[in-house]
Amino acid sequence: MNYSLEVENVSKTYSNFKLDNISFAVPKGSIMGFVGENGAGKTTAISCILNTIKKDNGTIKIFGKEMSDNSTDIREDIGVVFDAINFSQYLTAKKLQKVFSGIYKDWDNTFFKNIINKLDIPLNKNIKELSRGMSMKLAIAVALSHHPKLLILDEATSGLDPIIREEILDVFLEFVTDEEHSILMSSHITSDLEKIADYITFIYRGKIILTEKKDALMYEYGIARCKEEQLNQLDKEDLIAYRYRGLQVDVLVSNKKAFEQKYKGVVVDNATIDEITLLLVKGGK
Ligand SMILES: Nc1ncnc2c1ncn2[C@@H]1O[C@H](COP(=O)(O)OP(=O)(O)OP(=O)(O)O)[C@@H](O)[C@H]1O
């Protein structure tokens, strides 16, 4: 498989936190959702990828190359959006266009004007007068207007209403119609990832606990609703994790159909990403 981003055995230690030997890869033409509770290490991992903090060890390849401090070519090919806007509050979209056309070799004024129009972003208002939704849309428009091949989004849709999020998700989906393009997207809004991600990587306390195709998670994985005595009869290899819910036990399984065939009479529901996260993180094994 061809990857735009490969993270291999990357670690970073802070006094009270360790990003612990993480590995995952984002195939070209795909969207990778990056999921984990507050403080799990998503931003730390993204900062290592962007080389804005120094990793302790491991390898990160972007388009097959390791990024150094002066890898401007690689940087040109990455669009980045964080949840906080870091443009000067006194600039307008029109002025930003001037600033960035001087920074990025491939900055495309026509593309910028079109996307600004499409997303209904005012051209002449200072950023400080824009709503959060508007300014996030502006940040996304800027990130896309230098024609990156990889978009890295850290909570880029947090705090936005469902209508604006839907508009933004459509922009991301359109972006990956080009098979050379891909997106790494951290989000707590797992319903957004259920809509657009191709893969999901789960991180917990600095460790990657699972990377899986989203469709497998949604259609092959499942949650078996068992009674305690049924749990005791399950073969260990048929369950990933379990969690008591009152008198019932929720059991995460990776092959819903096979499980249902083997254990007749046990109901297995489809699982949401939130439910899977909860079982992976809080469940017993
Ligand atoms: N510069 C730093 N110095 C020390 N500790 C840090 C630093 N940056 C982050 N941390 C710690 O690393 C841990 C992981 O933080 P990180 O921001 O990567 O998590 P996150 O998964 O992005 O969380 P959230 O979903 O809340 O944004 C936290 O415990 C945080 O306090």
Side-chain angles (χ1 to χ4, degrees), residues 4-26 31-62 67 69 75 78-87 132-133 135-137 139-140 143 150-162 164-165 168-169 172 182-212 214 217 241 272-283:
S4 55
L5 171 65
E6 294 158 271
V7 177
E8 264 179 54
N9 304 322
V10 168
S11 298
K12 171 76 189 174
T13 304
Y14 289 127
S15 55
N16 59 352
F17 175 80
K18 182 171 185 197
L19 191 66
D20 196 357
N21 215 24
I22 66 162
S23 300
F24 65 94
V26 183
I31 300 179
M32 169 73 76
F34 197 25
V35 174
E37 60 186 353
N38 291 125
K42 301 176 298 292
T43 303
T44 306
I46 287 174
S47 305
C48 288
I49 292 167
L50 295 172
N51 207 22
T52 51
I53 60 169
K54 287 259 170 283
K55 58 188 179 334
D56 299 335
N57 41 46
T59 315
I60 296 171
K61 287 188 187 153
I62 298 179
M67 184 150 65
D69 291 342
R75 283 183 197 284
I78 308 175
V80 181
V81 183
F82 285 100
D83 70 337
I85 309 298
N86 36 25
F87 305 136
R132 180 175 161 76
S135 44
M136 287 314 294
K137 288 202 283 188
I140 290 161
L150 171 64
L151 265 188
I152 297 187
L153 311 166
D154 195 2
E155 295 296 341
T157 57
S158 72
L160 304 184
D161 73 56
I164 289 189
R165 290 210 320 273
I168 290 175
L169 296 184
F172 296 157
S182 35
I183 300 179
L184 172 66
M185 177 175 177
S186 89
S187 181
H188 290 294
I189 309 173
T190 49
S191 58
D192 284 355
L193 300 178
E194 283 164 359
K195 282 185 197 148
I196 68 163
D198 299 291
Y199 299 88
I200 306 284
T201 290
F202 296 84
I203 183 168
Y204 176 58
R205 295 189 177 166
K207 288 188 164 80
I208 302 292
I209 49 172
L210 181 69
T211 294
E212 184 58 279
K214 182 206 62 193
L217 293 169
T272 62
I273 292 174
D274 280 342
E275 288 171 313
I276 294 173
T277 309
L278 190 67
L279 271 148
L280 287 174
V281 164
K282 302 273 185 221

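Counting starts at 1 for both ligands and their atoms, in listed order.
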Exceeds 12 heavy-atom contacts within 6.0 angstrom, atom CZ of Arg205: no
Lys207, NZ: over 12 other non-hydrogen atoms inside 6.0 angstrom: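 Atom NZ in Lys207 is not packed in, count stays at 12 or less.
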At what distance is the nearest protein heavy atom to [atom], and which residue and atom is it?
atom	value
atom 27 (O) of ligand 1	Thr43 OG1, 4.0 Å
atom 18 (O) of ligand 1	Thr44 OG1, 2.5 Å
atom 13 (C) of ligand 1	Phe17 CG, 3.3 Å
atom 3 (N) of ligand 1	Tyr14 CD2, 3.5 Å
atom 23 (O) of ligand 1	Gly39 N, 2.8 Å
atom 26 (O) of ligand 1	Asn38 ND2, 2.9 Å

Polar atom proximity, Glu155 to ligand 1 (N or O, under 3.5 Å):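 Between Glu155 and ligand 1, no N or O pair is found under 3.5 Å apart.
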Those atoms of ligand 1 less than 4.0 Å from some heavy atom in Lys42: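 Numbered from 1, ligand 1 contributes 18 (O), 19 (O), 20 (P), 21 (O), 22 (O), 23 (O), 24 (P), 25 (O).
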Exercise check, heavy-atom protein proximity under 4.0 Å to atom 31 (O) of ligand 1: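 Neighbour list for atom 31 (O) of ligand 1 is empty of protein heavy atoms (cut-off 4.0 Å).
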Please give me the minimum heavy-atom distance between [X] and [Y], naming the atom from each residue.
X	Y	result
Lys55	Cys48	CB-SG, 4.0 Å
Ala143	Leu151	CB-CD2, 4.0 Å
Glu37	His188	C-CE1, 4.0 Å
Ala45	Leu19	CA-CD2, 3.7 Å
Leu169	Ile196	CD2-CD1, 3.7 Å

Non-hydrogen atom of His188 closer than 4.0 Å to ligand 1: yes
Any Gly36 heavy atom less than 4.0 Å to ligand 1: no
From Ser187, Ala45, Gly41 - option closest to atom 19 (O) of ligand 1 by heavy atom: Gly41
Test of ring centre spacing under 6.0 Å for Phe24 and Phe34: yes
